[in-house]
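Here the structure comes first, spelled out in structure tokens, and everything after it is commentary.
Only a predicted model underlies this, so the values are computations on that prediction, with no experimental measurement involved. In this chain, residues are counted from 1 in sequence order.
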Amino acid sequence: ADQLEQAEQSLHRAIEALPSFRRSYLPLGLTHLRQERFKDSIPTSLNVITLGGGDAQSYVLLAYAYLSEEKYASALSAYRMARMFAPDSLDFRRGEARCLLASNQFLPAIALFDELIAEHPGQGSYWLLQANAYLGLERYADAAANLEIVRALGGKDAEALLLLGGLYLKLDTPALALDAYRDALSLQVTLDEEKALQPL
């Protein structure tokens with residue numbers, strides 16, 4: 001019924017009555033997540049696992065909370081545990097790839113995005129995130145290629161186009177850079193002074 005405060009109060013009463021009642025902890029963790037109280041949901045999810053309820057759902061809730069708290073190494077471990085139960089889950093692999101990217105593990109991130117792109121080639125966000133991994137390795141031509149695919153897929157994102165223009169300047173192809181910048185400006189973005197003058 002979406003009455004999260006009342007649900008939380010009831011679940012706390014159940015836990016006070018029987019602290020080892022595992023089924024109380026998972027919905028409590030969900031109420032915390034629904035309220036974006038990620039820090040509160042971490043110990044609750046850990047309680048589920050400690051009490052023997054370590055399944056895909058409990059690990060992925062823990063992983064999502066860690067990711068939201070920017071604890072990328074812990075989130076990565078939890079996503080990997082979740083994938084033991086559902087190795088082909090798109091959500092779990094996407095979360096794992098984001099953790100790899102955020103913790104600067106660029107080569108494994110690229111490999112995982114390769115899998116996701118092979119399965120969903122029309123999903124521009126995967127190409128874009130993989131481009132960020134290529135940037136981390138200073139593989140500018142590969143990053144530019146990914147951004148061109150995002151562009152071809154109709155992903156008119158001003159930030160991505162500005163980044164593409166910057167990459168073409170690094171690659172000493174100013175005509176391509178100019179085309180990307182013009183495409184970005186056609187979206188009527190507002191640039192601050194530094195961003196506007198840098199390409200000039």
Side-chain angles (χ1 to χ4, degrees), residues 33 36-43 45-46 49 54 56 58-153 155 157-173 176-177 180-181 184 189 191-192 194-195 198-199:
L33 286 178
E36 297 186 3
R37 289 166 48 198
F38 305 113
K39 192 175 280 189
D40 291 334
S41 76
I42 290 170
S45 297
L46 286 171
I49 294 163
S58 55
Y59 277 113
V60 81
L61 291 178
L62 182 61
Y64 184 72
Y66 277 136
L67 184 60
S68 301
E69 287 291 301
E70 299 182 1
K71 295 182 175 180
Y72 301 118
S74 298
L76 181 59
S77 296
Y79 272 120
R80 284 179 170 159
M81 291 299 293
R83 281 192 66 192
M84 287 175 58
F85 297 93
D88 296 325
S89 165
L90 182 61
D91 287 338
F92 298 177
R93 286 183 293 159
R94 189 169 44 215
E96 185 178 337
R98 285 181 60 197
C99 292
L100 289 166
L101 187 58
S103 57
N104 298 332
Q105 298 180 58
F106 299 122
L107 284 173
I110 288 166
L112 196 44
F113 281 121
D114 276 340
E115 278 185 29
L116 295 169
I117 287 167
E119 293 170 26
H120 303 278
Q123 181 59 260
S125 63
Y126 298 155
W127 293 98
L128 187 57
L129 288 165
Q130 191 181 53
N132 288 328
Y134 283 133
L135 279 174
L137 295 173
E138 298 183 2
R139 290 169 56 178
Y140 301 128
D142 290 324
N146 273 40
L147 292 173
E148 281 291 6
I149 291 169
V150 173
R151 193 182 190 185
L153 289 169
D157 180 280
E159 286 295 321
L161 288 165
L162 291 169
L163 176 58
L164 180 60
L167 287 171
Y168 280 138
L169 283 180
K170 278 184 183 293
L171 295 167
D172 200 27
T173 51
L176 293 174
Y181 286 130
V189 292
L191 299 179
D192 62 36
E194 187 180 342
K195 274 191 177 175
Q198 194 174 25

Gly166 backbone acceptor or donor facing Tyr181 side chain under 3.5 Å: yes
Nearest-0.5 Å distance that lies between atom CG in Leu46 and atom OH in Tyr59: 9.0 Å
Heavy-atom pair of closest approach, residues Pro121 and Ala118: CD-O, 3.9 Å
Nearest-0.5 Å distance, CG of residue Leu163 to CG of residue Asn132: 7.0 Å
Nearest heavy atoms of Ala109 and Leu101, plus distance in Å: CB-N, 4.0 Å
Shortest non-hydrogen contact from Ala56 toward Ala82: O-CB, 4.0 Å
Closest contact, heavy atoms only, Ser45 versus Leu61: OG-CB, 4.0 Å
Any pair counted as ring pair (Phe, Tyr, Trp, His ring centres under 6.0 Å), so long as it reaches residues 88-140, sequence neighbours left out: none
Distance, nearest 0.5 Å, that separates CZ of Arg151 from CD1 of Ile149: 12.5 Å
Straight-line distance of Leu67 CG to Glu96 CD, nearest 0.5 Å: 12.0 Å
Full working for side chain to side chain contact (heavy atoms under 4.5 Å, CB included) between Ile110 and Leu137: CA-CA 10 Å; Ile110 288 166; Leu137 295 173; 3.6 Å; yes
Set of residues satisfying salt bridge (charged side-chain N to carboxylate O under 4.0 Å, His left out) with respect to Arg37, sequence neighbours excluded: Glu8, Asp40
Taking every non-hydrogen atom, the tightest pair across Leu76 and Cys99: N-SG, 3.8 Å
Interatomic spacing from CZ in Arg139 to CG in Leu107 - rounded to 0.5 Å: 7.0 Å
More than 12 heavy atoms from other groups under 6.0 Å of CZ on Arg98: no
Side chain to side chain contact (heavy atoms under 4.5 Å, CB included) between Tyr66 and Phe38, worked out: CA-CA 7 Å; Tyr66 277 136; Phe38 305 113; over 6 Å; no
Atom pair CG (Leu129) and CD1 (Ile117), whose distance is rounded to the nearest 0.5 Å: 9.0 Å
For Tyr168, all residues meeting side-chain hydrogen bond (donor to acceptor under 3.5 Å, both in side chains), sequence neighbours excluded: Glu148
Side-chain heavy-atom pair Arg94, Gln123 within 4.5 angstrom cut-off: no
Where Ala177 and Gly165 come nearest, the two heavy atoms and their spacing: CB-O, 3.4 Å
Gln130 vs Asp142, side-chain hydrogen bond (donor to acceptor under 3.5 Å, both in side chains): CA-CA, chis, key distance, verdict: CA-CA 9 Å; Gln130 191 181 53; Asp142 290 324; over 6 Å; no
